[in-house]
Each structure stands twice: as structure tokens, then as C-alpha cells.
Protein chains: 2
Amino acid sequence: MQILEWLKEPEKHFPPHETLKHFNDGVCVTYIQEKSGLSQSTISTYLTNMEKCDLLISTRHGKWSYLKRNEKMIKAFADFIT
Amino acid sequence: MQILEWLKEPEKHFPPHETLKHFNDGVCVTYIQEKSGLSQSTISTYLTNMEKCDLLISTRHGKWSYLKRNEKMIKAFADFIT
DNA sequence: CAAATATATCGACAATTCTCGATATATGGA
DNA sequence: TCCATATATCGAGAATTGTCGATATATTTG
């Protein structure tokens, strides 16, 4: 939930990326890990699972993975519960 | 989730109540328990917790407690995640 | 008020999830 | 090709949640 919330507005919660100059594909794993305070392995597992659930979309740029919200799935879930 | 889904359309998932002739206040604990296949204590705990979370609204009529969805809270949650 | 029925609470064990460190894999650069 | 950095996977123990039976409380009815 917290991660999904952060990713609503990446520019408000994360520093700018050094190579990419935008958040079009979301935020890299390292930034999310640092902000969460959890270990690298824990966050990696979270993000992988969330991607498997289609809550997040992952895009690789070189050695970095960027994560963004999958608004389509999130909307579908919101619609389902209401 | 399952309970919340059933309570979207009580008439589709539960038999009519014997005293009350409507589902205006939702469904009684016993019916939910029977449909779930879980024990009475488990379901009672679930429903109590869900009420504490404001996901459900509980109304007592005599010796029966009726549970219905709290659409306001559910909507607020749906809005929050989207 | 006693009995019957509906629901709630308690204590305990089982099952699942959380979280980590260690280690493996992937990628770009010297 | 070797190293440094980024991310993924594994195995294990801690923490939380799921679930139950037993029992307590509430409510109606005889």
C-alpha cells in the first residue's frame, strides 16, 4: 500500500534519477528500497510479487529496473470491490 | 473479499430471512457462517473485525445481528488506491 | 426465571507472511 | 575478461494471521 502510494507521485517522494531524467517508467528498485528502510532482498521480493499480481509494471533500462503502478489493474480492483 | 462480494447482492447468495422480509440491513451472521463453511467463532471474529475497520455495518434485530457493506468506507478505500 | 438459540470472546495451535543475510545472476564499463 | 553495481533467489527464523473448540454473553420465548 505504501509503495503504491509513493508511486502515485514519484517526484514528490524520490530524488531524480541520474541517467533517466524522468519518471515515465517509475522508480528504480534502489530508491524504493532506501525509502522503505527494508532490506534489498525484501523489497526485491515485494516488487517481484507485486509485478506478478499485475499491480506494478517493470521496465529495465540497462542495469536498473524501474517500477510504476499498473493503473489498469488497480482500477479493475477498485471497481471490483465497489 | 468473498464476504464483501456476497454482500453486494444478498438475494443472490442467501436464503430469505424468516422474520425480516428484506435485506435492508444485510445478512445475519448464521447465514454467512453457513455459506462460508468456517466455524461460528471464526466468522464472528471476521465480521467483528470488519466492522471495526468500518468495512461492514452491523444492526441488531432481536437476537440476530445483520451485516451489510459500508459502501462509504469501501468507496473511500477504492478512491485511495486509485 | 429456565431453556433454547444467536453471537461474542478466549486460548491455543496451524498456516502463512515478513524479513533477513547469504548467495546467485545480470549488466555495463575498465 | 574481470570488476563493480543492480537486482533476484534461497533458506530460515520471527511475527502475524487463520482457525478451531470451549465457553461466555445476549436475547427471546415458554
Side-chain angles (χ1 to χ4, degrees), chain A residues 1-7 10 13-70 73-74 77 81, chain B residues 1-7 10 13-70 73-74 77 81:
Chain A
M1 290 287 298
Q2 180 73 80
I3 291 169
L4 285 175
E5 200 181 348
W6 288 337
L7 292 179
H13 300 285
F14 301 97
H17 291 121
E18 294 182 10
T19 46
L20 262 64
K21 299 299 179 199
H22 55 76
F23 288 110
N24 296 356
D25 289 323
V27 180
C28 69
V29 177
T30 305
Y31 283 2
I32 298 174
Q33 188 254 308
E34 284 169 354
K35 189 167 181 73
S36 73
L38 295 168
S39 76
Q40 186 269 322
S41 67
T42 296
I43 279 296
S44 177
T45 304
Y46 272 26
L47 298 177
T48 300
N49 288 343
M50 291 170 81
E51 197 202 341
K52 280 180 186 159
C53 295
D54 287 327
L55 286 171
L56 293 180
I57 295 170
S58 171
T59 312
R60 230 184 206 274
H61 287 272
K63 50 180 175 172
W64 295 281
S65 279
Y66 296 83
L67 281 304
K68 68 177 171 188
R69 289 161 55 98
N70 183 352
M73 176 54 116
I74 292 169
F77 174 66
I81 63 175
Chain B
M1 290 286 300
Q2 180 73 81
I3 292 169
L4 285 176
E5 200 182 348
W6 288 335
L7 292 179
H13 300 286
F14 300 96
H17 290 121
E18 294 181 12
T19 47
L20 262 64
K21 299 299 179 198
H22 55 75
F23 288 110
N24 296 355
D25 289 323
V27 180
C28 69
V29 177
T30 305
Y31 283 2
I32 298 175
Q33 188 253 308
E34 283 169 354
K35 189 166 181 74
S36 73
L38 295 169
S39 75
Q40 185 268 320
S41 67
T42 297
I43 280 296
S44 177
T45 305
Y46 273 25
L47 298 177
T48 300
N49 289 343
M50 291 169 80
E51 198 203 339
K52 280 181 187 159
C53 294
D54 287 326
L55 286 171
L56 294 180
I57 295 170
S58 172
T59 312
R60 232 186 205 272
H61 287 272
K63 50 180 176 174
W64 296 280
S65 278
Y66 296 84
L67 281 305
K68 67 178 172 188
R69 291 160 52 97
N70 183 351
M73 175 54 116
I74 292 170
F77 175 66
I81 64 176

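Note on naming: letters A, B, ... go to the chains in the order of the sequence lines (proteins, then strands), and numbering restarts at 1 for each one. Fair warning: this is a prediction, and the values are worked out from it, not measured in the lab.
Between the NZ atom of B:Lys52 and the C1' atom of C:dT9 there is a distance of 10 Å, given to the nearest Å. At whole-Å resolution of the value, CG in B:Asn49 and C1' in C:dT9 are 12 Å apart. Nucleotide C:dT7 holds its P atom 14 Å from the CG atom of B:Leu56, rounded to whole Å. In this entry the distance linking CD1 of B:Ile32 with C1' of D:dT19 reads 18 Å, nearest Å. Atom pair B:Leu47:CG and D:dG18:P shows a separation of 13 Å (rounding to whole Å applied).
Under the ring-ring contact (aromatic ring centres under 6.0 Å, His included) criterion, B:Phe77 pairs with no residue, sequence neighbours left out. Among residues two or more places apart in sequence or in another chain, the side-chain contact (heavy atoms from CB on, under 4.5 Å) test is passed with B:Glu34 by B:Thr30, B:Tyr31. Qualifying side-chain contact (heavy atoms from CB on, under 4.5 Å) partners for A:Thr48, counting only residues two or more places apart in sequence or in other chains: A:Ser44, A:Lys52. Qualifying side-chain contact (heavy atoms from CB on, under 4.5 Å) partners for B:Asn49, counting only residues two or more places apart in sequence or in other chains: B:Thr45.
A heavy-atom distance below 4.0 Å to DNA chain C is reached by these residues of residues 17-30 of chain B, ordered by number: B:Cys28, B:Val29, B:Thr30.
Side-chain contact between A:Tyr46 and A:Val29 is absent, with no heavy atoms from C-beta onward closer than 4.5 Å.
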Summarise how protein sits on nucleotides 17-30 of chain C as a single string, 5' to 3': B when a protein heavy atom is under 4.0 Å from the base, S for sugar-phosphate-only contact, - for no contact.
-SBBBB----SS--
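Looking at heavy-atom distances under 4.0 Å, A:Ser44 makes contact with a base.
The two residues B:Leu4 and B:Arg69 make their nearest non-hydrogen contact at O-NH1, 2.9 Å. Closest of all the heavy-atom pairs between B:Trp6 and B:Ile32 is CZ3-O, 4.3 Å.
When each of A:Asp25, A:Asn70, A:Leu47, A:Leu67 is checked for a side-chain contact (heavy atoms from CB on, under 4.5 Å) with A:Ser58, only A:Leu67 meets the rule.
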